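In what follows, a structure is listed as structure tokens, so that the remarks can point back to it.
Small disclaimer: the values here were computed from a predicted structure and weren't measured. For reference, positions follow the sequence shown, starting with 1.
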Amino acid sequence: MSYDRITAQNSAVLFIDHQTGLANGVQTQSPPEFNNNVKALATLAKVYKLPSIVTTSASDGPNGPIMPIVTNVIKDAAIIHRPGEINAWDNKDFVAAVEKTGRKKLLIAGISTEVCLAFVALSAKDAGYDVYAVLDASGTWNKLVEEVAIARMVQAGIKPITWVAVGAELLGDWRSEVSQEHAQLMGDHLPFSANNFAGYLSAKGQ
């Protein structure tokens with residue numbers, strides 16, 4: 001299989017059920033880690049101007065509204081509120097929004113990993129998309145559940161990835177015109193990266 005890279009021209013980001021109530025059930029990461037990773041993915045979408053779709057499940061109930069760290073960062077995201085479908089791909093408005101992006105690579109994150117992420121990832125793969133499961137911006141209530149979900153997705157040909165790898169592949173070259181924004185993003189979300197960049201600026205006398 002050829003290595004067909006993620007670029008700012010061929011990719012879209014899907015946030016599935018990143019809702020305040022559902023986020024309370026994420027136990028596979030600490031709350032600060034999870035919030036950091038979700039916000040980092042949203043910031044990547046903003047920096048690289050990736051079409052972004054946010055969907056909710058029964059947001060007027062206990063699942064809660066969209067996590068502010070998503071909508072405060074990606075202010076122009078398409079938002080699809082589902083009235084009841086568990087698998088977002090069963091909602092025609094959501095599928096239409098994905099099709100409207102014109103992108104064939106889908107970077108998908110969701111709460112929970114084994115349902116909201118996996119169901120959409122499997123459905124999108126079946127529909128002919130090249131699907132990446134952004135696992136550190138997704139979560140569920142225990143590691144076994146997460147591991148089973150990852151195994152199921154990988155067996156179906158879905159590619160597991162993290163936000164750092166997504167960002168590195170999008171950047172491609174530190175001489176890129178967005179390298180400063182990318183460095184800032186890395187510094188904001190990875191403390192050791194902030195230290196590295198501070199050392200680089202110090203060496204340059206800045």
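Interatomic distance, NE2 of H18 versus CG of L117, reported as 8.5 Å (0.5 Å rounding). Distance check: Q184 CD to S179 OG gives 12.0 Å after rounding to the nearest 0.5 Å. Taking SG from C116 and CG from L22, the interatomic distance works out to 6.5 Å, rounded to the nearest 0.5 Å. Put simply, CD on Q27 and CH2 on W141 are 11.0 Å apart, with the number rounded to the nearest 0.5 Å. For the atom pair L44 CG and K49 NZ, the distance stands at 13.0 Å (nearest 0.5 Å). Atom CZ of F119 and atom CD1 of I16 lie 12.5 Å apart (nearest 0.5 Å).
With hydrogens and angles disregarded, no donor-acceptor distance shorter than 3.5 Å links the side chain of S52 to the backbone of A45. Distance alone, capped at 3.5 Å, places no donor-acceptor pair between the S11 side chain and the Q9 backbone. Looking at E169, its side chain never comes within 3.5 Å of a backbone N or O of V166 through a donor-acceptor pair. The backbone N or O of E146 lies less than 3.5 Å from no partner atom in the side chain of T140, so there is not a single donor-acceptor pair. In this structure, S59 contributes its side chain and T56 its backbone to no donor-acceptor pair below 3.5 Å.
The cluster map of Ile, Leu, Val, Met, Phe, Trp and Tyr, joined by side-chain heavy atoms under 4.5 Å apart, puts W89 and I79 in different clusters. Tracing side-chain contacts under 4.5 Å through hydrophobic residues (I, L, V, M, F, W, Y), one reaches L41 starting from I6; they form part of the same cluster. No continuous path of hydrophobic side-chain contacts links V145 to V134 [ILVMFWY only; heavy atoms under 4.5 Å]. In this structure, I74 is a member of the same hydrophobic cluster as V178, with clusters built from ILVMFWY side-chain heavy atoms closer than 4.5 Å. Residues L185 and F15 fall within the same hydrophobic cluster, defined by Ile, Leu, Val, Met, Phe, Trp and Tyr side chains chained together at heavy-atom separations under 4.5 Å.
N87 places a side-chain heavy atom less than 4.5 Å from the side chain of V120. When side chains are defined from C-beta on, V98 counts as touching Y129, because their heavy atoms get closer than 4.5 Å. Looking at V164 and L190, their side chains come closer than 4.5 Å, going by heavy atoms from C-beta outward. The side-chain heavy atoms of P83 and E85, taken from C-beta on, include a pair separated by under 4.5 Å. Using a 4.5 Å cut-off on side-chain heavy atoms (C-beta onward), V95 and E99 make contact. Taking 4.5 Å as the limit, every side-chain heavy atom of T43 sits out of range of all side-chain heavy atoms of W163. The closest side-chain heavy-atom distance from T55 to L14 is not below 4.5 Å. The shortest distance between side-chain heavy atoms of T28 and F34 does not fall below 4.5 Å.
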Checklist entry - Hey, mind stepping through E33 and D136 against side-chain contact (heavy atoms from CB on, under 4.5 Å) and telling me if it holds? => result CA-CA 9 Å; E33 288 174 322; D136 54 355; over 6 Å; no
Item to check | Intermediate values then yes/no, side-chain contact (heavy atoms from CB on, under 4.5 Å), I150 and E147 | outcome: CA-CA 5 Å; I150 293 169; E147 289 165 4; 5.6 Å; no
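When every heavy atom of P160 is checked against every heavy atom of L135, the shortest pair comes out as CB-CD1, 3.6 Å. The heavy-atom pair separating N91 from F94 by the smallest distance is OD1-N, 3.0 Å. The minimum heavy-atom distance between A133 and M153, with the atom names listed, is CB-SD, 4.1 Å. Nearest heavy atoms, H189 versus N36: ND1-OD1, 2.9 Å. For the pair L170 and A8, the tightest heavy-atom approach, listed with the atom from each and the gap, is CD2-N, 3.6 Å.
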May I have the list of side-chain donor-acceptor pairs in residues 105-112 shorter than 3.5 Å, sequence neighbours left out?
unit_1	atom_1	unit_2	atom_2	d
K105	NZ	D4	O	2.9
K105	NZ	D4	OD2	3.4
K105	NZ	D130	OD2	2.4
K105	NZ	Y132	OH	3.1
S112	OG	E114	OE1	3.2
S112	OG	E114	OE2	3.2

Side-chain donor-acceptor contacts of residues 62-73 below 3.5 Å, not counting sequence neighbours, with atom names and distances?
unit_1	atom_1	unit_2	atom_2	d
N63	ND2	S57	O	2.9
N72	ND2	P68	O	3.4

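With a 6.0 Å radius and a threshold of 12 heavy atoms from other residues, nucleotides or ligands, K46 has its NZ atom at or below the threshold. Surrounding NZ of K100 are at most 12 heavy atoms belonging to other residues, nucleotides or ligands under 6.0 Å away.
For the 3.5 Å distance criterion, the side chains of D126 and S123 fail to qualify, holding no donor opposite an acceptor. A donor-acceptor contact closer than 3.5 angstrom links the side chains of Q29 and N37.
Under the ring-ring contact (aromatic ring centres under 6.0 Å, His included) criterion, no residue pair touches residues 66-87, with sequence neighbours excluded.
Between R82 and D17 there is a salt bridge, with a side-chain nitrogen of the basic residue lying less than 4.0 Å from a carboxylate oxygen of the acidic one.
Y48 pairs by the side-chain hydrogen bond (donor to acceptor under 3.5 Å, both in side chains) definition with H182, not counting sequence neighbours. Every residue two or more places apart in sequence or in another chain was checked for a salt bridge (Lys or Arg N to Asp or Glu O under 4.0 Å) with R103, and none qualifies. Under the side chain to side chain contact (heavy atoms under 4.5 Å, CB included) criterion, A165 pairs with I161, T162, sequence neighbours left out.
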